[in-house]
Structure formats: C-alpha cells, structure tokens
Student: 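Here it is, the structure in full.
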Amino acid sequence: MLTLKNCRLIPELTEGFEGTAADIVLDKGLIEGIYPVGMAPAGEGCETLDMKGMTVLPGFFDLHAHLPLVNQDWNQLKQTPQNEYVLNSARYAKKYLELGFTTIRDCGHDYYAGVAVRDYINNGTLTGCRVITSGKILTPTTRGNSSFGAMYKEIDSPADMLRVCRQETEQGVDFIKYMCTGAVLNLGGVPGAMVTTPAELRAVAEAAETLGTYVAAHCHGTQGIKEAVKAGIKTIEHASYMDEESAELMLKHGTYGTVPTLAMPYTLAKDYTGATLPEFIAKSSDAIRHMVESMKLAAQAGVTVGFGTDLDFENAAKYPGIEFEARAEYGIDNITVLRQATIDSAKIVRMDDRLGTVKAGKIADLVVIDGKPDEDISAMKQYPAHVFKAGAEFCG
C-alpha cells in the first residue's frame, strides 16, 4: 500500500472527490481511495510519498503510435534487421512510460513487433507502457506504399478481407489497421484522396467484427471519412478534412471517435530535423491546419476526440509534451487537451471503466507533473516527476 500525500487534482479529471487537494492511497494496483489531506487511513506497512502540491493526472494515452519509429529516416526503417526492429519497439514502449503514457495503441509495424512487446510487458519480462496493437497495415495497392516497405500488406479484393484479417488475428493483434486515403509521408501520396472502395471498407469492417475486433482506418479526406464511417469503421485516424455531415454520420453509426495526430506533421512542418523533404513540409502544413479545424468541429458535434501523436522515438524523447503543445498552440483549451489525452481516449478504446480519470476503484495509472498544466500547458514540456502504472512507480 502506498499513500501519495499532498496531491493537487484537476476536478475535470477526478471522479468521486470534491476539491483540488488530496491524499491518494494505492493498493494492489488500484486506487484504493481519495481522501482529504491528512485523512488517509494509515494501514500497517503503508508507505508514503509526498507530492508537495504537484498535479496528479490520470495516465496518458497515445492512440496512434508506431513503436518501431526510431527517427524520421524512413529509408533506415526499411533496412532495419528484425531483431533490432523489435528491440527498438521495446525501447520506445519503455520511453512512452517514462513520458507518462501508460497506455498506447500501436497502429502498424512489421514482424508483429507490437505483439511481441505487448506480451513481454504483460508477463513482466520487459518494462513499458500498456500496449494495444495492430499488426501490418492493410492497404490497397497504391502509389507510395513502398515508402514503408513490409509494414504494409497489400490486399485488393473484398473477398480476401476475411482471410487476411484472420491471418492478422492469428498473429495475436488486438485490432485491424486499414488505409482508406493517401498518406502525408508516402512519397507521391495524396492525403485527401480515397485509395479504397466502399465495398472494400465494408468487407474489412465486417471481417474484423466477425473476428471480435474492429478497424482503425487511416483517413484524411472528407469522402474517405464518410465512406469509412458508413461501412462500420470504428476509429478514424487523423480525420483531417471533416465536415458537418461527417460528424453526423459518426454519431449515427456509432463510431468510437476520431484520433487526430498533430505531433508528427507539427515537427515536419517546422522542419525540426533540418532535412525534411519539401513535399512533406507542404503536405504537413496543410494537414495540420485542417486537422485542427476538424477536431473542433467533431468536438462541437459531440464526437469523441482522442489523443494520438504518430511520432518517432527521437522527437518524442527530445520534445516531451509536443502533442499537448501543438494542440494548445492551435487553439484547443488546456482542459480539453488534457481530457483528450486521458478520459476521452479511454472511452475510444472502451477502457473508461478502468482508466482515464483519478477515481477510487480504477487502475492506478497516474502521472505527476511539477506544475499546473490546466493553467499553463507548457508544464507538459518536461518529463513527469513520477509515473505509476497499475500502482507501480516507473524507476527508469
């Protein structure tokens, strides 16, 4: 049992407790209780840790991660040997936890690296965040697929969707990733253009449902978003060019939500590496502007908006909190950003009964920030002071 004393809480991210100052008791991986300062029960053998008024938040989610991405050298990624590829994925899962992301959703990789890392974290062999993972990215044959090599698995017939989805679930994936439109980072790809058909979208959604899972669709363009939603796709990744009809369709068809990803285009548009191709700078600048407008439109309509980064290890480690910073810079208020990274993302992956808020009875995934991010989001541009996953403190 561990008591975190003198915690500062954010009411919008706390349930079952009134006030902003508390002691939080952790026991057996759960939040045992939240008490007024000085009122927590002192059980036998209970340890204490003084938070000294620092802000205690629920563990963060990144619903659009790619664990093998070491940096933004895509050619190097294609040439990485399998053993190094898997080890890089494990290293990123550990870094995610250090950054306060206790749960991530890996949206595509080669060698089923995410499956291996997930399983080794779950059995205690590795230390890292909680991993929800797809496998290879299913895609129609289209220009730009070669940009990421064997990370993609091409499929061009609705009749083959069930067979291929069965192959993926046989490998142990948690969900299916599918390409609906072009991509910013595919050379020659047009982000807004549909690369699939309504029939293919219906087939992959039905196949996933038959196998007890769902599809997350890479989807920038307006028409692609609408067709994916009507087909039964459950999460719309990036969702850069939404309109009001798109939002209405999501509500009508029970879409889990959208997962915008500002961090990657943010670093590309600003050319953080100094070596970004002009094509990627131009496409990223356009995508991020539209993505933010779509985020606002979706939220106003009542669509759940999640938190994704699509970011590589190098930039994530060097610029902690970059997704928080980008969303705030483009006009999303601090509380909304923090909700998107916690409870709203938990809702999208159907884990809000266990995670996403500071609440007695929920899993003790907590992040301690030395600052007040609800008032000044720049507090997120530092590594957390403490990170707890299921009650255990991350110690590096």
Side-chain angles (χ1 to χ4, degrees), residues 62-97 101 103-142 144-156 160-179 183 185-187 189 204 207-208 211 213-218 235 237 261 264 308-317 349:
D62 184 346
L63 295 189
H64 196 108
H66 290 285
L67 289 175
L69 296 186
V70 175
N71 51 38
Q72 293 182 3
D73 184 344
W74 319 122
N75 288 323
Q76 179 191 39
L77 177 69
K78 290 189 291 185
Q79 297 166 12
T80 302
Q82 180 174 350
N83 57 349
E84 184 179 346
Y85 193 99
V86 177
L87 288 172
N88 286 340
S89 299
R91 186 169 66 113
Y92 200 176
K94 184 177 181 180
K95 177 60 69 174
Y96 260 121
L97 188 57
F101 290 90
T103 305
I104 68 101
R105 193 176 61 156
D106 189 303
C107 286
H109 49 263
D110 198 5
Y111 308 119
Y112 300 99
V115 174
V117 170
R118 178 200 65 199
D119 291 348
Y120 280 120
I121 289 172
N122 288 348
N123 69 25
T125 302
L126 295 173
T127 297
C129 58
R130 186 177 295 101
V131 175
I132 305 165
T133 188
S134 66
K136 290 179 179 289
I137 301 173
L138 306 186
T139 178
T141 301
T142 190
N145 282 357
S146 60
S147 297
F148 288 92
M151 184 183 288
Y152 284 172
K153 179 187 285 188
E154 293 182 339
I155 176 170
D156 293 309
D160 282 342
M161 288 296 183
L162 182 58
R163 174 182 59 82
V164 173
C165 287
R166 279 175 171 159
Q167 291 173 347
E168 291 298 293
T169 55
E170 180 189 20
Q171 295 295 328
V173 305
D174 297 307
F175 68 100
I176 302 297
K177 172 72 178 298
Y178 186 71
M179 298 294 287
L185 294 177
N186 285 11
L187 279 170
V204 71
L211 296 167
T213 186
Y214 68 94
V215 177
H218 168 105
T235 71
E237 310 300 302
T261 53
M264 177 60 84
T309 71
D310 209 9
L311 197 58
D312 60 286
F313 178 100
E314 184 178 280
N315 280 295
V349 289

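Just so it is clear, the structure is predicted and the values come from calculations on it, not from any experiment.
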Student: Does Thr309 reach the side chain of Tyr96, with side-chain heavy atoms less than 4.5 Å apart?
Tutor: yes
Student: Which atoms form the tightest heavy-atom contact between Ser89 and Val117, and what is the distance?
Tutor: CB-CG2, 3.8 Å
Student: Can you tell me how far apart CD1 (Ile155) and OG1 (Thr139) are? Round to the nearest 0.5 Å.
Tutor: 10.0 Å
Student: For Ser134, check side-chain contact (heavy atoms from CB on, under 4.5 Å) against everything at least two apart and list the hits.
Tutor: Phe175, Lys177
Student: Shortest non-hydrogen contact from Tyr152 to Met179?
Tutor: OH-CE, 3.6 Å
Student: Can you sort out the partners of Asn88 under side-chain contact (heavy atoms from CB on, under 4.5 Å), two or more places apart, ordered by chain and number?
Tutor: Val70, Thr80, Glu84, Arg91
Student: Find the distance between CD1 (Ile176) and CD1 (Ile137) and round it off to the nearest 0.5 Å.
Tutor: 12.0 Å
Student: Once you measure the plane-to-plane angle for His64 and His66, does it fall in the parallel (<30°), tilted (30-60°) or perpendicular (>60°) bin?
Tutor: perpendicular
Student: Go through the structure and list residues passing side-chain contact (heavy atoms from CB on, under 4.5 Å) with Asn83, not counting sequence neighbours.
Tutor: Pro81
Student: Out of Glu168, Glu154, His218, which residue meets the side chain to side chain contact (heavy atoms under 4.5 Å, CB included) rule with Leu138?
Tutor: Glu168
Student: Hey, is the main chain of Thr103 close enough, under 3.5 Å, to the side chain of Arg130 for a donor-acceptor pair?
Tutor: no
Student: Residues two or more places apart in sequence or in another chain: which of them pass side-chain contact (heavy atoms from CB on, under 4.5 Å) with Asp312?
Tutor: Leu69, Asn71, Gln72, Met264, Glu314, Asn315
Student: Please report the shortest heavy-atom distance between Ala208 and Val215, naming the atom on each side.
Tutor: CB-CG2, 3.6 Å
Student: Return the minimal non-hydrogen interatomic distance between His109 and Pro68, and the atom names on each side.
Tutor: CB-CG, 3.5 Å
Student: Please report the interatomic distance CG(Leu211) to CG(Leu162), rounded to the nearest 0.5 Å.
Tutor: 6.0 Å
Student: Give a yes or no on whether the backbone of Pro140 and the side-chain of Asp156 come within a donor-acceptor separation of less than 3.5 Å.
Tutor: no
Student: Using every non-hydrogen atom in the two residues, find where Val204 and Cys165 come nearest and quote the distance to one decimal.
Tutor: CG2-SG, 4.0 Å
Student: State which residues pass salt bridge (Lys or Arg N to Asp or Glu O under 4.0 Å) with Lys136; sequence neighbours excluded, sorted by chain then number.
Tutor: Asp110
Student: First locate atom OG1 of Thr125, then atom CG of Asp119, and finally report the distance between them rounded to the nearest 0.5 Å.
Tutor: 10.0 Å
Student: Side chain to side chain donor-acceptor pair (under 3.5 Å) with Asp160: which residues, sequence neighbours excluded?
Tutor: none
Student: Please check: side-chain N/O of Thr133 versus main-chain N/O of Val173, any donor-acceptor pairing under 3.5 Å?
Tutor: no
Student: Around Tyr112, counting heavy atoms of other residues, nucleotides and ligands shown, do more than 12 lie under 6.0 Å from its OH?
Tutor: yes
Student: Distance check, rounded to the nearest 0.5 Å: Leu67 atom CG versus Phe313 atom CZ?
Tutor: 11.0 Å
Student: Side chains of Asp174 and Val131: closer than 4.5 Å at any heavy-atom pair?
Tutor: no
Student: For Lys94, does the NZ atom sit with more than 12 other heavy atoms under 6.0 Å from it, leaving out its own atoms?
Tutor: no
Student: What heavy-atom pair brings Leu126 and Ala90 nearest, and what distance separates the two atoms?
Tutor: CD1-CB, 3.8 Å
Student: Does Arg118 pair with Asp106 as a salt bridge, N-O distance under 4.0 Å?
Tutor: no
